[in-house]
Amino acid sequence: MYAIVKTGGKQYKVAPGDRLNVEKLDAEVGAKVDLEAICVVDGAKVEADPAKAAATKVTAIVLEQFKGEKQLVFKFKKRKNYKKLRGHRQRLTRIEIESVGSAKAGKPAAKKAAEKPASEDAE
């Protein structure tokens, strides 16, 4: 099961367990946020009506608030001695999708230590 959600003026395809970076959300680290679903796909049926899809609850957990990479904007006009260099760093929020409707993210399986075969000494 997955959904198309809208946040920060953009749309994202999300499924339970996905991690993504979205534009800054006003929430503390560890808080749960609800996202607005505009389309829900559940194996056999597709709910494309945004009014009906909004009834499906998409919850996410805020993992981190951070700044993205610096974007440089350089403007110039040749032979006019005009140059401007500006930078911008977008504030972002990293979230993990906890559930889409009734589908919940499974917990990651613990890694087992590799078993070493018993070495036999040939005498």
Side-chain angles (χ1 to χ4, degrees):
M1 174 177 228
Y2 69 90
I4 308 295
V5 297
K6 183 178 177 183
T7 180
K10 298 180 177 78
Q11 297 176 0
Y12 301 92
K13 177 182 173 184
V14 298
D18 287 354
R19 290 183 177 196
L20 60 143
N21 302 330
V22 298
E23 290 196 17
K24 187 174 187 309
L25 298 174
D26 292 329
E28 296 293 322
V29 174
K32 291 186 180 184
V33 293
D34 293 329
L35 302 174
E36 177 186 350
I38 57 174
C39 177
V40 178
V41 178
D42 181 19
K45 68 176 189 174
V46 175
E47 188 58 63
D49 182 21
K52 292 181 182 177
T56 302
K57 191 173 182 181
V58 179
T59 58
I61 299 173
V62 175
L63 300 176
E64 177 183 12
Q65 301 279 4
F66 67 102
K67 283 185 171 182
E69 293 183 10
K70 180 170 262 194
Q71 303 294 318
L72 296 177
V73 178
F74 182 70
K75 298 180 182 181
F76 82 103
K77 295 185 180 180
K78 59 184 180 180
R79 296 187 298 272
K80 304 295 182 194
N81 198 21
Y82 172 81
K83 295 177 194 162
K84 280 191 179 180
L85 179 64
R86 297 284 182 257
H88 175 74
R89 290 185 72 185
Q90 184 69 39
R91 295 179 185 269
L92 300 171
T93 301
R94 181 169 289 127
I95 60 173
E96 181 176 5
I97 305 300
E98 184 179 44
S99 65
V100 176
S102 61
K104 295 190 184 263
K107 294 188 178 183
K111 294 183 180 178
K112 294 182 181 178
E115 295 180 19
K116 295 181 181 179
S119 61
E120 296 179 20
D121 293 325
E123 292 183 32

Going by heavy atoms in the side chains, are [X] and [Y] under 4.5 Å from each other?
| X | Y | answer |
| --- | --- | --- |
| Leu20 | Ile97 | yes |
| Val40 | Val58 | no |
| Arg91 | Gln65 | no |
| Arg94 | Leu92 | no |
| Leu35 | Ile95 | yes |
| Ile38 | Gln11 | yes |

Where do [X] and [Y] come nearest, in terms of heavy atoms and distance?
| X | Y | value |
| --- | --- | --- |
| Ala53 | Ala37 | O-CB, 3.6 Å |
| Ala48 | Cys39 | CA-SG, 4.2 Å |
| Ala31 | Ala27 | CB-CB, 4.3 Å |
| Pro16 | Met1 | CD-O, 3.4 Å |
| Lys13 | Asp18 | O-OD2, 4.1 Å |
| Tyr12 | Asn21 | OH-O, 3.9 Å |

Can you tell me how far apart [atom1] ([X]) and [atom2] ([Y]) are? Round to the nearest 0.5 Å.
| X | Y | atom1 | atom2 | answer |
| --- | --- | --- | --- | --- |
| Lys67 | His88 | NZ | NE2 | 9.5 Å |
| Glu28 | Asp26 | CD | CG | 9.5 Å |
| Thr7 | Glu23 | OG1 | CD | 8.0 Å |

Q: For Phe76, look at atom CZ and say whether over 12 heavy atoms of other residues, nucleotides or ligands are found less than 6.0 Å away.
A: no
**Q.** Neighbour count >12 (heavy atoms, 6.0 Å) for atom NZ, Lys104
**A.** no
Q | Glu98 and its salt bridge (Lys or Arg N to Asp or Glu O under 4.0 Å) partner, picked from Lys32, Lys57, Arg19 | A | Lys32
Q: Identify the residue among Val62, Ile61, Thr59, Thr93 that makes a side chain to side chain contact (heavy atoms under 4.5 Å, CB included) with Val33.
A: Val62
